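Below: the structure, in structure tokens.
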Amino acid sequence: MPELPEVETTRRGLAPAVVGRKIAAAVVRNRALRLPVPRHLPHTIAGETVSALGRRGKYLLFSCHAGTLIVHLGMSGRLWLVERGTPPEPHDHFDLVMESGATVRLRDPRRFGLVLWTRGDPLRHALLAAMGPEPFDQSFDAAWLYRMTRSRRAPIKQVLMDGHVVAGVGNIYANEALFRAGINPRQAANRISRARYQILVEQVRATLQHAIGAGGSSLRDYVGSDGMAGSFQNQFLVYDRGGIPCQRCSTPIAAIRQGQRSTFYCPRCQR
DNA sequence: AATCTTTCCTGCCGGC
DNA sequence: TGCCGGCAGGAAAGAT
């Protein structure tokens, strides 16, 4: 499930158990994620203290003195706290065991997630260096969106999901933000005005903020760091609501495919 | 059987 | 001719 709100919810939930705490051990049960988990990781990270738990887009950053542990949840990843010694279930590929006994566990059935280690500035890591601005950073504004889209004829929804344009906006929240902004997801990005991009910036932020406030969205079996499900899925305005009347105008929500992803929108409210 | 929350890579195209 | 950006499609793997 994880888009930015789910990753941020996870970050906030894990922080009290890891920030300022010493790592006793890392346990790698399966290295075969999207990229291999480094063989040296358990040796490298044991004894390190986590100085901060950050987030860049959908990446979690466990800052330590010697480097940074980078974790991405992919499509099906979940990171939560268990007690030391809790028996692993299938797809529990990685544990970070704190000296306190609290254990951060990664479960990722599809294995599109990542567990990496980097020295130096993690934001210069190849996976992070080219990312677009954070949605809540002031550098993400209408002028930026306007400039980034001058040569883009692709539909705005696909451009909004491009991590080089803005970090962390995936399929669910692109659908929701475009509805709130009143913009048709099929509109060519280079044919949208500065004024409408201003509205889109505001609605991307508002959508993500509301989702974070609700603890993220729980589809299928996603749960937060405390094992509790998020509730934002109950507040979707268009996502997964094809054929259901629009809450604003009662027109049935349309369901289409864009770039092999599901898109939902109101044909009347979104032009 | 088709679908899903992510992201990277390839191949192709048009423009210069 | 080569280089570039843009864009569509495919790939990774498992559950439902």
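In this text the structure is predicted, and so the values were computed from the model without any measurement. The chains referred to below are lettered A, B, ... by the order of the sequence lines, with proteins before strands, and numbering in each begins at 1.
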TODO: May I have the step-by-step check of side chain to side chain contact (heavy atoms under 4.5 Å, CB included) for A/Val201 and A/Trp144, ending in yes or no?
DONE: CA-CA 10 Å; A/Val201 166; A/Trp144 166 261; over 6 Å; no
Open item on the list: Using a heavy-atom cut-off of 4.0 Å across all strands, would you classify A/Arg261 as base, sugar-phosphate, or nothing?
Closed with: base
Open item on the list: What's A/Arg150 touching, base or sugar-phosphate or nothing? Going by heavy atoms closer than 4.0 Å.
Closed with: nothing
Rounded to the Å, how far apart are [X] [atom1] and [N] [atom2]?
| X | N | atom1 | atom2 | answer |
| --- | --- | --- | --- | --- |
| A/Gln260 | C/dA8 | CD | C1' | 8 Å |
| A/Arg257 | C/dA8 | CZ | C1' | 14 Å |
| A/Asn190 | C/dC7 | CG | P | 8 Å |
| A/Ile70 | B/dT6 | CD1 | P | 19 Å |
| A/Tyr239 | B/dT3 | OH | P | 13 Å |
| A/Asp108 | B/dT7 | CG | C1' | 13 Å |
| A/Arg55 | B/dT6 | CZ | P | 14 Å |
| A/Asn171 | B/dT3 | CG | C1' | 12 Å |

Would you kindly say whether [X] and [Y] are connected by a side-chain donor-acceptor distance under 3.5 Å?
| X | Y | answer |
| --- | --- | --- |
| A/Thr263 | A/Gln258 | yes |
| A/Lys157 | A/Asn184 | no |
| A/Lys22 | A/Thr49 | no |
| A/Tyr173 | A/Glu6 | yes |
| A/Tyr239 | A/Ser217 | no |

- [ ] For the side chain of A/His91, starting at C-beta, report the closest nucleotide among C/dG6, C/dA15, B/dT6.
- [x] C/dA15
- [ ] Would you indicate which nucleotide in C/dA8, C/dG14, B/dT6 comes nearest to any side-chain atom of A/Lys58?
- [x] B/dT6
Find every protein N or O atom lying less than 3.5 Å from an N or O atom of nucleotides 8-16 of chain B, and list the pairs.
none

Open item on the list: Can a donor-acceptor pair be found, under 3.5 Å and without considering hydrogens, that links the side chain of A/Asp95 to the backbone of A/Val97?
Closed with: no
Taking atom [atom1] of [X] as the centre, does the number of heavy atoms from other residues, nucleotides or ligands within less than 6.0 Å exceed 12?
| X | atom1 | result |
| --- | --- | --- |
| A/Arg29 | CZ | yes |
| A/His125 | NE2 | yes |
| A/Arg150 | CZ | yes |
| A/Arg31 | CZ | yes |

Think [X] has a side-chain N or O under 4.0 angstrom from the OP1 or OP2 of [N]?
| X | N | result |
| --- | --- | --- |
| A/Gln158 | C/dA8 | yes |
| A/Ser151 | C/dG5 | no |
| A/His72 | B/dT6 | no |

TODO: Apply salt bridge (charged side-chain N to carboxylate O under 4.0 Å, His left out) to A/Glu8 and A/Arg12, showing your working.
DONE: CA-CA 6 Å; A/Glu8 177 63 16; A/Arg12 294 181 185 186; 2.8 Å; yes
Task: Nucleotide-level pairing of DNA chain B, given in dot-bracket where Watson-Crick and G-U pairs need both distances under 3.5 Å and | marks other strands - done: .|||.|||||||||||
Open item on the list: Within residues 111-122 of chain A, which residues have any heavy atom lying less than 4.0 Å from an atom of DNA chain C?
Closed with: A/Arg111, A/Phe112
